[in-house]
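What follows is a set of notes on a single structure, which appears directly below.
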Amino acid sequence: MKKLVSIGILGVQLDSFDPRRRWDRWRPTVSLCQQEDLLIDRFELLYEPKFAKLAQTVADDMQAVSPETEVNQHLISMGDPWDLESVYGALYDFAASYPFDTENEDYIVHITTGTHVCQICLFLLAESRHLPARLIQTSPPKRDPASTPGDYRIIDLDLSRYDQLAARFEIEKRDTETQLKSGIATLNESFNAMIREIEQVAIRSPHPILITGPTGAGKSQLARRIYEVKRAKRGVSGSFVEVNCATLRGDGAMSALFGHKKGSFTGALDDRGGLLKAAHKGVLFLDEIGELGLDEQAMLLRAIEEKRFLPLGSDQETESDFTLISGTNRELSEEVRKGNFREDLLARINLWSYQLPGLSSRKEDIEPNISYELSRYAKDHGRQAAFNKEARRSYEKFATSPDAKWTGNFRDLNASITRMATLAGNRRINAEIVESEIDRLQRSWQGPKNDSQDEELLRDVLGTQAEEVDPFDQAQLALVIRTCRESRSLSEAGRKLFAVSRLKKKTSNDSDRLRKYLSKFGLSWDDCLA
């Protein structure tokens with residue numbers, strides 16, 4: 001049998017007494033030793049210096065009513081008993097120095113006496129396990145205090161011991177996981193394990209989250225669900241602000257993210273707050289963060305670490321306390337190696353990193369996602385969409401087969417269901433519609449030939465003038481335009497295109513060489529990005 005040890009603070013009001021009526025009044029510390037079904041082997045009585053006489057009398061009375069109880073008195077100086085910092089510090093020091101022996105002793109902390117601040121501090125120390133104890137609360141008798149010591153109740157802060165509470169927590173946990181999965185009953189175990197961890201991180205951590213994965217895997221949707229969980233749990237109170245970094249270029253990138261002052265660059269006609277400021281107390285989701293330029297990355301790093309930044313053209317800092325979620329389909333460690341991404345920024349945003357798998361690697365989740373897309377179509381279009389039995393079996397068989405590439409992931413699935421539901425109209429989706437859709441998907445995944453891609457790219461940039469370009473020049477010009485679109489600046493594109501010849505020159509002006517090449521076809525840098 002383990003010994004039972006109680007820790008309590010002397011109650012300077014409740015434990016005091018009139019000497020002439022000493023045993024006529026209920027005194028909580030003494031009453032704890034009078035309980036017939038609660039044998040306390042040792043009582044650690046905490047008191048302040050000016051109440052030493054009262055502490056001694058109470059200790060004597062405790063041993064008088066319970067000779068088996070050893071009473072130890074501990075002198076502590078809490079200062080102002082209503083000052084949280086002072087009281088917590090004194091009780092923390094006691095807990096840190098006390099020789100707890102949890103293998104041989106059980107501990108209870110009496111929280112009936114002391115100021116409310118004292119009681120709060122005892123609770124916090126027990127909850128954090130600095131005091132490895134349960135709590136005990138006593139209450140006075142309803143009738144004659146001389147005839148009964150009153151009641152007591154022991155409270156165990158290990159909530160897993162309470163079946164009803166545990167059931168409620170489990171329901172809430174499942175609801176949160178379902179919310180993160182958009183209500184889809186996914187079966188993939190590795191994906192579900194990831195969602196369970198994200199649920200804990202969303203509730204407990206204010207630090208950045210990095211979501212990686214192929215295009216269409218659901219990064220943006222998951223980021224919004226994380227925000228909704230954080231907001232529901234009072235983790236954030238601001239807005240969800242989303243931006244695709246691939247759309248940000250030059251001064252426009254700085255301005256969009258960090259804001260600007262009027263006149264800071266051509267076209268800056270008014271002050272602008274910027275997206276970081278708009279995300280104050282909320283969540284900022286930077287999709288395709290790998291597309292950010294190095295200058296923007298440097299400013300973002302400081303904004304994450306210090307919660308402040310300089311808007312473009314301003315000499316006065318702006319503050320914003322936001323939670324960052326980043327998304328990318330790139331391998332950022334490889335981008336660091338190439339010099340395209342800052343290593344220190346990656347280290348800062350990579351504390352919590354999650355890889356979203358593509359749809360083709362989650363074949364067991366295709367069936368529930370088909371049901372989800374059907375219900376989403378019905379909600380968006382105001383009419384039900386459903387397969388007949390044979391058609392659904394045929395579509396699911398194809399969707400889970402090796403022939404289904406799902407290169408666009410959930411975007412492909414959403415588009416596929418939308419097409420079939422639209423063609424079905426008020427009827428059910430039948431085998432004929434499914435057969436046609438399967439053929440359409442297979443053709444789309446094959447993709448056009450490279451020469452067709454080049455022709456389409458040149459028509460997009462040059463219009464009808466593309467027909468006037470010699471076939472020899474078409475392939476070269478298409479490569480140049482694609483490189484420009486994949487680069488952040490004219491100079492970066494030039495470095496890629498002239499990577500070999502530039503090494504043979506003492507000085508190189510890659511931007512000028514590229515500009516002159518484009519001008520042969522009447523093109524500029526901006527024309528290539530259109």
Side-chain angles (χ1 to χ4, degrees), residues 206-212 219-220 223 227 236 238-353 486-493 495 511 525 529:
H207 299 297
I209 297 174
L210 176 63
I211 305 173
T212 63
K219 296 185 291 292
S220 178
Y227 162 75
V236 297
S239 303
F240 178 79
V241 179
E242 178 179 0
V243 60
N244 189 323
C245 297
T247 64
L248 304 179
R249 300 283 177 179
D251 288 340
M254 287 286 194
S255 172
L257 291 173
F258 307 103
H260 65 246
K261 298 297 290 182
K262 178 181 178 181
S264 57
F265 59 90
T266 303
L269 303 180
D270 296 292
D271 290 349
R272 181 178 183 179
L275 297 173
L276 267 69
K277 184 177 180 180
H280 180 58
K281 297 297 182 182
V283 169
L284 174 67
F285 176 51
L286 295 182
D287 198 10
E288 303 305 340
I289 192 173
E291 302 289 341
L292 276 184
L294 293 174
D295 291 340
E296 289 82 11
Q297 292 176 32
M299 288 186 65
L300 177 62
L301 176 62
R302 181 169 182 259
I304 296 170
E305 292 181 336
E306 301 181 16
K307 305 300 183 184
R308 59 179 184 270
F309 53 90
L310 276 173
L312 198 61
S314 175
D315 57 3
Q316 188 172 5
E317 291 184 328
T318 295
E319 293 187 359
S320 181
D321 184 9
F322 60 90
T323 296
L324 177 68
I325 302 178
S326 307
T328 183
N329 60 11
R330 294 191 178 192
E331 180 55 61
L332 292 184
S333 58
E334 179 65 17
E335 295 300 309
V336 168
R337 190 187 66 79
K338 293 178 180 178
N340 296 331
F341 202 82
R342 291 180 63 104
E343 186 174 13
D344 49 2
L345 178 59
L346 177 57
R348 192 67 183 83
I349 67 174
N350 200 32
L351 176 63
W352 298 108
S353 179
E486 294 170 357
S487 303
R488 299 181 178 86
S489 65
L490 189 68
S491 59
E492 181 183 333
R495 287 195 300 273
S511 300
W525 164 257
L529 303 182

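Since the model is a prediction, treat every value here as computed from it, not as a measurement.
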Sequence-distant partners of [X], side chain to side chain contact (heavy atoms under 4.5 Å, CB included), two or more places apart:
X      : value
Glu319 : Arg308
Ala347 : none
Leu310 : Glu317
Ala279 : Val241, Leu284, Phe322

request  = Name all pairs fulfilling the ring-ring contact (aromatic ring centres under 6.0 Å, His included) condition that reach into residues 267-301, sequence neighbours left out, sorted by first residue then second.
outcome  =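 Checked against ring-ring contact (aromatic ring centres under 6.0 Å, His included) - neighbours excluded - no pair reaches residues 267-301.
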ask   = Got a sec, which pairs hit ring-ring contact (aromatic ring centres under 6.0 Å, His included) with one end in residues 296-316, sequence neighbours left out?
value =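 Residue pairs passing ring-ring contact (aromatic ring centres under 6.0 Å, His included), neighbours aside: Phe258-Phe309.
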Residues in salt bridge (charged side-chain N to carboxylate O under 4.0 Å, His left out) contact with [X], at least two apart in sequence or another chain:
X      : answer
Asp271 : Lys261
Lys262 : none
Lys277 : none
Glu242 : none

Sequence-distant partners of Tyr227, ring-ring contact (aromatic ring centres under 6.0 Å, His included), two or more places apart =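 By the ring-ring contact (aromatic ring centres under 6.0 Å, His included) rule, Tyr227 matches Phe240.
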task = Please name all residues satisfying side-chain hydrogen bond (donor to acceptor under 3.5 Å, both in side chains) with Thr212, sequence neighbours left out, ordered by chain then number.
result =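 Here the qualifying residues are Gln355.
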